[in-house]
K.L.:
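Please see the structure below; I have some questions.
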Amino acid sequence: MNELYNKQIGESLVSWFLEEKRDLPWRKTKDPYKIWVSEVMLQQTKVDTVIPYYERFISKYPSLESLAEAEEGELLKEWEGLGYYSRARNLQAGVREVVEEYNSVVPNNRKEISKLKGVGPYTAGAVLSIAYDIPEHAVDGNVMRVLSRILLIKEDIAKQKTKKIFEEAVMNLMFKDNPSAFNQGLMELGAIICTPTKPKCLLCPVREYCSAFYEGVQEELPIKTINKKTKLHKMKAVVIQRNDGKILLEKRPSKGLLANMWQFPMVELPTSTHTVEEVVELDYGVEIQKGKELIAFKHIFSHLVWEIESFEAKLMNEKKISLNSQWYSIEEVNDQPMPIPVLKMWNAWKERKSIT
DNA sequence: TAAACGTGGCA
DNA sequence: TTGCCAAGTTT
């Protein structure tokens with residue numbers, strides 16, 4: 001492994017990238033803010049999913065200042081359906097730091113940019129290299145897969161300490177004439193050529209440098225040990241309507257799962273001898289009469305499963321509703337940020353009521 | 001260090 | 001149908 005060899009890998013990769021790269025919205029700009037937004041949205045999320053969200057988001061919040069001034073509820077509504085909602089709140093917190101402490105200029109060095117909320121080692125390197133053309137590593141899952149194959153690295157990429165090996169490898173290979181194209185090329189190669197299964201090695205611009213291809217073990221890499229089993233939660237949820245037509249909605253806690261998102265009153269009844277009505281009265285301070293079943297389904301999160309049964313319900317008597325709950329008109333319900341499983345219930349309710 | 005944190009697509 | 005994956009960060 002010498003410098004000339006490394007230089008050749010970089011050149012091959014970069015010329016391939018400049019020729020074959022996909023035409024993506026965030027590749028039309030050098031604005032560090034927009035690059036930042038795209039990188040956060042792309043965390044653990046497919047490109048095709050991100051594109052429409054990115055377009056709407058940038059159109060609504062075209063600058064650091066506009067996002068800094070946004071209301072959190074409105075921001076979460078823009079993020080609705082994208083998942084990992086703390087990304088949105090961390091992004092805004094980070095943006096506010098830049099506006100207030102860095103005179104609205106995104107820091108151009110790893111030390112400072114890494115202090116921003118929601119900016120980890122990957123996002124820091126991505127923004128620095130793509131927006132500022134600074135030779136910094138940006139190691140994501142693609143990069144680890146690509147380099148584990150090229151360099152025949154057999155460390156377990158599920159372990160966090162392994163990432164350091166790849167960060168050093170990237171810096172050794174870094175094509176300093178064009179860090180932006182080099183880092184993006186590494187990721188682009190992983191996305192469309194050096195795929196997890198059935199990599200298209202015959203189309204690969206760097207296969208002549210690839211140890212795994214040489215040994216025919218590209219499908220065996222990277223090594224990744226994972227297996228977290230999910231826990232099942234049996235939930236009952238109710239869309240409660242008051243005589244004046246308003247609906248009871250609850251804001252989830254500001255930490256943990258689906259933080260600050262809204263939902264209909266929901267209780268977990270594993271092996272309880274209590275009825276839904278009893279537990280709802282206890283938890284929410286409303287007496288209800290359960291009506292027809294709305295929809296029943298499983299919603300699978302990354303680490304747990306909700307098995308939801310949902311019902312219509314009428315308000316019989318209102319005592320003192322819990323602090324984080326509120327009655328909303330149908331229009332107002334539509335404006336609250338709700339996670340996908342809650343949206344499913346809401347859509348089922350509206351369909352039943354023939355409300356569009 | 002490992003677990004928490006969403007969602008949709010696909011073999 | 002089940003399990004795994006996708007441009008990670010926080011705690």
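Hydrogens, waters and symmetry mates are skipped; everything else that's a heavy atom, side chains included, is used. Fair warning: this is a prediction, and the values are worked out from it, not measured in the lab. Just so it is clear: chains get the letters A, B, ... in the order the sequence lines come, proteins before strands, and each one is counted from 1.
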K.L.:
What pairs with A:A88 under side-chain contact (heavy atoms from CB on, under 4.5 Å), at least two apart in sequence or on another chain?
P.N.:
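Testing A:A88 for side-chain contact (heavy atoms from CB on, under 4.5 Å), a comparison that skips the adjacent residues, returns A:L75, A:L76, A:W79.
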K.L.:
Using a heavy-atom cut-off of under 4.0 Å over every strand shown, decide if A:G256 touches base, sugar-phosphate, or nothing.
P.N.:
sugar-phosphate
K.L.:
Going by number, which of residues 24-36 of chain A have a non-hydrogen atom under 4.0 Å from DNA chain C?
P.N.:
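Contacting residues: A:L24, A:W26, A:R27.
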K.L.:
Under the 4.5 Å side-chain heavy-atom rule for ILVMFWY, direct or indirect, which residues accompany A:V305?
P.N.:
A:L232, A:I300
K.L.:
If the threshold is 4.0 Å, N to carboxylate O, is there a salt bridge linking A:E97 and A:K115?
P.N.:
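Salt bridge absent between A:E97 and A:K115.
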K.L.:
Test question: given the 4.5 Å side-chain rule for I, L, V, M, F, W and Y, name all other residues clustered with A:L282, or answer none.
P.N.:
none
K.L.:
Just by distance, with hydrogens left out, do A:Y122 and A:Q43 show a side-chain donor and acceptor under 3.5 Å apart?
P.N.:
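No donor-acceptor contact under 3.5 Å links the two side chains.
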K.L.:
Tell me: NE2 of A:H137 to P of C:dG8, nearest whole Å?
P.N.:
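Spelled out: NE2 on A:H137 to P on C:dG8 is 15 Å.
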K.L.:
What is the distance, rounded to the nearest whole Å, between atom NZ of A:K115 and atom P of C:dT9?
P.N.:
18 Å
K.L.:
What residues in residues 56-88 of chain A put a non-hydrogen atom under 4.0 Å from any atom of DNA chain C?
P.N.:
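Residues of residues 56-88 of chain A that come under 4.0 Å of DNA chain C do not exist, since none gets that close.
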K.L.:
Under 4.0 Å between a side-chain nitrogen and a carboxylate oxygen: does that hold for A:K21 and A:E188?
P.N.:
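Salt bridge absent between A:K21 and A:E188.
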K.L.:
Using only modelled atom types and a 3.5 angstrom limit, is any donor from either the side chain of A:T45 or the base of B:dG8 paired with an acceptor on the other?
P.N.:
no
K.L.:
Regarding A:S38, tell me which of base, sugar-phosphate or nothing describes its non-hydrogen contacts under 4.0 Å with the strands shown.
P.N.:
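Since no nucleic acid heavy atom lies under 4.0 Å of A:S38, the category is nothing.
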K.L.:
A:Y122 has a side chain; which of C:dT9, B:dT7, B:dC5 sits nearest to it?
P.N.:
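Of all the options, the side chain of A:Y122 is nearest to C:dT9.
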K.L.:
On DNA chain B, check which nucleotide each of A:K198 and A:H303 is closest to and give me the residue with the more 5' one.
P.N.:
A:H303
K.L.:
Is A:E268 salt-bridged to A:K234, going by a charged N under 4.0 Å from an acidic O?
P.N.:
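The answer is no: the pair does not qualify as a salt bridge.
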K.L.:
What is the distance from CG of A:L116 to P of C:dG8, rounded to the nearest Å?
P.N.:
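These atoms are roughly 19 Å apart.
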K.L.:
Can a cation-pi geometry be assigned to A:R89 and A:Y85, taking NZ or CZ under 6.0 Å from the six-membered ring centre and within 45° of the ring axis?
P.N.:
no
K.L.:
For the pair made of CD in A:Q43 and C1' in B:dC5, what is the distance, rounded to whole Å?
P.N.:
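For the pair A:Q43 CD and B:dC5 C1', the rounded distance is 12 Å.
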K.L.:
Would A:F301 and A:H299 count as a close aromatic pair, with their ring centres under 6.0 Å?
P.N.:
yes
K.L.:
Between A:K353 and A:E312, is there a salt bridge with N-O shorter than 4.0 Å?
P.N.:
yes
K.L.:
Is A:H299 near enough to B:dG6 that one of its side-chain N or O atoms lies under 4.0 angstrom from OP1 or OP2?
P.N.:
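False: A:H299 side-chain N/O out of range (4.0 Å or more) of B:dG6 OP1/OP2.
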K.L.:
Would you kindly compare A:K298 and A:E188 by the position of their nearest DNA chain C nucleotide and give the one closer to the 5′ end?
P.N.:
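Taking each residue's closest nucleotide, the earlier one in sequence belongs to A:K298.
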K.L.:
State whether A:E220 and A:K154 are salt-bridged, where the test is any N-O pair (Lys NZ or Arg NE/NH1/NH2 against Asp/Glu carboxylate O) under 4.0 Å.
P.N.:
no
K.L.:
Measure from CZ on A:R145 to C1' on C:dG8 and round the result to the nearest Å.
P.N.:
15 Å
K.L.:
Ion pair present between A:K236 and A:E309, side-chain N to carboxylate O less than 4.0 angstrom?
P.N.:
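Result for this pair is yes, salt bridge flagged.
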K.L.:
Using nucleotides 1-3 of chain B, report all nitrogen or oxygen pairs with the protein that are shorter than 3.5 Å.
P.N.:
from: B:dA2; atom 1: N6; to: A:Q160; atom 2: OE1; distance (Å): 3.3

K.L.:
What nucleic acid atoms does A:R22 come within less than 4.0 Å of, heavy atoms only: base, sugar-phosphate, or nothing?
P.N.:
base
K.L.:
If you look at every strand shown and take non-hydrogen atoms under 4.0 Å, does A:V119 touch a base, only sugar-phosphate, or nothing?
P.N.:
sugar-phosphate
K.L.:
What integer distance in Å separates A:D48:CG from B:dG9:C1'?
P.N.:
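After rounding, the gap between these two atoms is 10 Å.
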K.L.:
Can you check the A:Q44 CD to C:dT10 C1' distance for me, whole Å?
P.N.:
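Rounded to the whole Å, the gap is 13 Å.
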K.L.:
Please report the distance, rounded to the nearest Å, between CE in A:M338 and C1' in B:dT7.
P.N.:
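So the CE-C1' distance, A:M338 to B:dT7, works out to 16 Å.
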K.L.:
Could A:D244 and A:R242 be called an ion pair, given the rule that one side-chain N must be under 4.0 Å from one carboxylate O?
P.N.:
yes
K.L.:
Which sits closer to the 5' end of DNA chain B, A:T197 or A:A259, going by the nucleotide each is nearest to?
P.N.:
A:A259
K.L.:
What interatomic distance, in whole Å, is found between P of B:dG6 and the corresponding atom of C:dT11?
P.N.:
13 Å
K.L.:
Given that A:K163 and A:K46 both sit by DNA chain C, which one's nearest nucleotide is further toward the 5' end?
P.N.:
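With A:K163 and A:K46 compared, the 5'-side residue is A:K46.
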